[in-house]
Amino acid sequence: MQKIKFYGIGGQGAVTAAKVLSIAVSVHQDEYAITVPAYGHERRGAPVYAHIIVDDKPVLLNCYVYEPDIIVVFDDKLIDMGVDLGEGCTEETVVVLNTSSAEMVERYREAYGFKTIYACDATEAAVRNIGLSIPNSAMLGALAATGVVGIEAVKAAVDESFGKVGEKNANAAQYAYEHTVKA
């Protein structure tokens with residue numbers, strides 16, 4: 001069982017990405033997933049959260065993730081917004097961080113004690129491939145670099161979920177997957 005928590009800013013597609021991850025795992029990987037978004041505070045520019053549990057056995061939980069195995073941070077500036085990204089985390093929690101800054105990776109490592117951080121400029125991947133700075137599909141590609149979900153499953157779920165722009169979003173996921181580094 002992998003417990004995952006997405007942290008984003010309203011308008012970046014974090015909640016949508018969580019739903020697409022569930023599709024990727026459930027439909028295209030023949031495993032199980034449940035997504036629990038944290039609604040009530042969603043608005044453009046405000047912090048948003050989504051909780052996902054992935055397993056190869058049926059997921060019988062329907063709750064928030066309080067002790068995540070993986071956190072996915074859609075905006076590296078969340079560290080400066082008063083969001084406790086380390087809540088419930090241990091030094092074994094894996095971080096997938098949308099950043100191009102080695103300094104920001106070290107800030108996260110020092111602030112929370114994370115040992116394993118995967119970094120990718122998902123915003124750049126989104127702009128390059130879809131023409132918009134909405135990193136949700138690219139962040140799923142970066143998450144695939146951790147091995148929790150396959151990149152082919154991500155691309156298939158993204159393609160079917162985003163209709164006319166599905167292929168461009170799948171390309172953003174692939175680009176991010178190829179450009180994610182373990183820091």
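As a basis for the values below, the full set of heavy atoms in this structure was taken, side chains included, without hydrogen atoms, waters or symmetry mates. Every value quoted in this text rests on a predicted model; they were computed, and no experiment measured them.
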Go through N136 and L140 one step at a time and tell me if the side chain to side chain contact (heavy atoms under 4.5 Å, CB included) criterion holds.
CA-CA 6 Å; N136 56 355; L140 290 175; over 6 Å; no
Knowing that exactly one of V73, I52, I71, V96 qualifies, which makes a side chain to side chain contact (heavy atoms under 4.5 Å, CB included) with F6?
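The passing option is I52.
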Exactly one candidate in T180, V72, V95 meets side chain to side chain contact (heavy atoms under 4.5 Å, CB included) with Y118; the answer is T180
Is it the case that [X] and [Y] place a side-chain donor and acceptor less than 3.5 Å from each other?
X	Y	value
Q12	D75	yes
E160	H28	yes
T123	N98	yes

Would you say E178 has more than 12 foreign heavy atoms packed within less than 6.0 Å of its CD?
yes
Check whether more than 12 heavy atoms from other residues, nucleotides or ligands sit under 6.0 Å from atom CG of D30, and answer yes or no.
no
Using the six-membered ring wherever Trp is involved, compare the ring planes of Y112 and Y108 and label them parallel, tilted or perpendicular (cut-offs 30° and 60°).
tilted
From NZ (K57) to CE (M1), nearest 0.5 Å:
7.5 Å
Rounded to the nearest 0.5 Å, what's the gap from OH on Y32 to CG on L60? Could you check?
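Between Y32 OH and L60 CG, I get 10.5 Å after rounding to 0.5 Å.
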Do I134 and I9 share a hydrophobic cluster, counting only Ile, Leu, Val, Met, Phe, Trp and Tyr and linking them when any side-chain heavy atoms are less than 4.5 Å apart?
no
Taking V65 as the starting point, is it possible to reach L61 by hopping between hydrophobic residues whose side chains are less than 4.5 Å apart?
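As far as the 4.5 Å side-chain criterion goes, V65 and L61 are connected within one cluster.
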Please answer whether the main-chain N or O of S137 pairs with a side-chain N or O of N169 as donor and acceptor at a distance below 3.5 Å.
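Absent.
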With the side chain counted from C-beta on, respond yes when M81 and L78 share a heavy-atom pair under 4.5 Å apart, and no when they do not.
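The answer is yes, as the side chains (C-beta and beyond) meet within the 4.5 Å cut-off.
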Under 4.5 Å between any side-chain heavy atoms of C89 and F114, yes or no?
yes
Pair R107-I79, side chain to side chain contact (heavy atoms under 4.5 Å, CB included): steps then yes or no
CA-CA 9 Å; R107 273 189 74 196; I79 197 171; 3.7 Å; yes
Using the rule given for side chain to side chain contact (heavy atoms under 4.5 Å, CB included), can you reason through Q2 versus I53, listing the C-alpha separation, both sets of side-chain angles and the distance that settles it, and then say yes or no?
CA-CA 6 Å; Q2 293 286 316; I53 300 172; over 6 Å; no
Face-on cation placement of K168 at F162 ring, 6.0 Å and 45° thresholds:
no
